[in-house]
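Okay, so here's the structure we're looking at.
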Amino acid sequence: MLHIPYDAALWRVADARASSMPVLAGSHRRAAANQVGALGEVLVENFLTSHELPFEARYSTDCDLLVAGRSVEIKTKDRTVAPEAHFDCSVPLYNHEHQAVDVYIFVSLKRDRRNTSTSINRYTDAYLLGWASRSWMMGGRHWPRDSVDPENGTKFWTDCINRPISDLRSMEDMVTEIRRRLARQVG
């Protein structure tokens, strides 16, 4: 997992993006969901750019990015602690039918539980956790809505598929795979 400490410039870009987005009907977290999602997107885009990997931003409910011919959805979680390898990554199933992406990239944002601000700056750290193919991810543990994970007390507000962070493929591995796919497309 890659730790990204607070970076005012990246956070400003994400805040501007989140502010320009409509709040989707049925959004569980309303405008806060836009902040979380936008910051995750900006961090992944920055990662791809820093590795000189081309991508096309989509920002739709179908997918966030196209990278080397693959559709990518970025799943970002708000946490009050730094993520650990045994923590779960989640894919909510409420938009699963129309969101038939090829790849998920998982991001965690850390904020201080005592900070009640609604500013995007409440997130002090970010972590690029890794990635997974959709088909592999769907083999994870299914949690029905309103069920409770006895290991951590999480009550699921919607049906989800979970996998532990430790089972994800690394971001470095993703860079290698994207470069391989791009080389095959050129050759």
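Counting begins at 1 with the first residue of the sequence. Heavy-atom basis, side chains included; hydrogens, waters and symmetry copies ignored.
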* Given Arg79, His3, Lys77, the one that forms side-chain hydrogen bond (donor to acceptor under 3.5 Å, both in side chains) with Ser108 -> Arg79

* Among Asp167, Asn162, Leu168, find the one that has a side-chain contact (heavy atoms from CB on, under 4.5 Å) with Pro164. => Asp167

* Can you list the steps and then say if Gln35 with Arg122 is a side-chain contact (heavy atoms from CB on, under 4.5 Å)? -> CA-CA 11 Å; Gln35 285 181 334; Arg122 70 187 177 280; 2.8 Å; yes

* Asked: Would a hydrophobic clustering, with Ile, Leu, Val, Met, Phe, Trp and Tyr connected at side-chain separations under 4.5 Å, put Phe47 with Leu66?
  -> no

* Among the clusters formed by ILVMFWY side chains lying less than 4.5 Å apart, do Tyr104 and Met171 turn up in the same one? -> no

* To do: Please name the pair of heavy atoms, one in Leu109 and one in Ala126, separated by the smallest distance, quoted to 0.1 Å.
  => CD2-CB, 3.8 Å

* Within-4.5 Å side-chain heavy-atom neighbours: Leu128 and Val44 -> yes

* Is any side-chain heavy atom of Thr158 closer than 4.5 Å to a side-chain heavy atom of Leu93? -> no

* Check whether Phe55 and Leu182 end up in the same hydrophobic cluster, where Ile, Leu, Val, Met, Phe, Trp and Tyr are linked by side-chain heavy atoms less than 4.5 Å apart. => yes

* **Minimum-distance pair of heavy atoms, taken over all atoms of Tyr127 and Ala82** => OH-CB, 3.4 Å

* To do: Determine whether Ser71 and Gln99 make a side-chain contact, defined as any pair of heavy atoms from C-beta on separated by less than 4.5 Å.
  => no

* Asked: Linking I/L/V/M/F/W/Y whenever any side-chain heavy atoms sit under 4.5 Å apart, do Ile161 and Val103 land together?
  -> no

* Heavy-atom side-chain contact between Lys155 and Asp146 under 4.5 Å -> yes

* **For Gly69 against Asp102, the heavy-atom pair lying closest together** => O-OD2, 4.2 Å

* Asked: According to a 4.5 Å side-chain heavy-atom criterion applied to Ile, Leu, Val, Met, Phe, Trp and Tyr, with indirect links allowed, do Phe87 and Ile4 form part of one hydrophobic cluster?
  -> no

* To do: Give the C-alpha distance, both sets of side-chain angles, the deciding distance and a yes or no for side-chain contact (heavy atoms from CB on, under 4.5 Å) between Arg163 and Phe106.
  => CA-CA 11 Å; Arg163 290 271 195 168; Phe106 296 95; over 6 Å; no

* Asked: Of the non-hydrogen atoms in Ala68 and Arg181, which two are nearest, and what is the gap between them?
  -> O-NE, 3.2 Å

* Structure fact -> Between the CD atom in Glu45 and the CG atom in Leu48, the distance rounded to the nearest 0.5 Å is 8.0 Å

* To do: Might you confirm whether atom CZ of Arg145 has over 12 heavy atoms from other residues, nucleotides or ligands at distances under 6.0 Å?
  => no

* Structure fact -> Rounded to the nearest 0.5 angstrom, the CG-CG distance for Leu39 and Asn34 is 12.5 Å

* Asked: Thr76 versus Glu41: any side-chain heavy-atom pair under 4.5 Å?
  -> no

* To do: Taking the six-membered ring of Trp136 (Phe, Tyr or Trp), confirm whether the NZ or CZ of Arg169 is under 6.0 Å from its centre and within 45° of its axis.
  => no

* With rounding to the nearest 0.5 Å, note down the distance linking NZ in Lys75 to CG in Leu129. => 14.0 Å

* Asked: Does any non-hydrogen side-chain atom of His51 lie less than 4.5 Å from one of Arg179?
  -> yes

* **Min side-chain heavy-atom separation Glu84-Ile165 under 4.5 Å** => no

* Between Val107 and Ile74, is a side-chain contact (heavy atoms from CB on, under 4.5 Å) present by the stated rule, with each step listed? -> CA-CA 7 Å; Val107 179; Ile74 301 162; 4.0 Å; yes

* Stepwise side-chain contact (heavy atoms from CB on, under 4.5 Å) check, Asp88 with Asp149 -> CA-CA 11 Å; Asp88 285 333; Asp149 183 341; 4.0 Å; yes

* **Trp11 and Tyr6 aromatic centres sub-6.0 Å** => yes

* With a 4.5 Å limit on heavy-atom distance, are the side chains of Arg70 and Ile178 in contact? -> no

* Partner of Arg111 under side-chain hydrogen bond (donor to acceptor under 3.5 Å, both in side chains), chosen from Thr124, Asp78, Thr80 -> Asp78

* **Heavy-atom closest contact (Ser90 atom, Cys160 atom, distance)** => CB-SG, 4.5 Å

* To do: Grab the two heavy atoms, one from Leu2 and one from Glu172, that are nearest each other, plus how far apart they are.
  => CD2-OE2, 3.2 Å

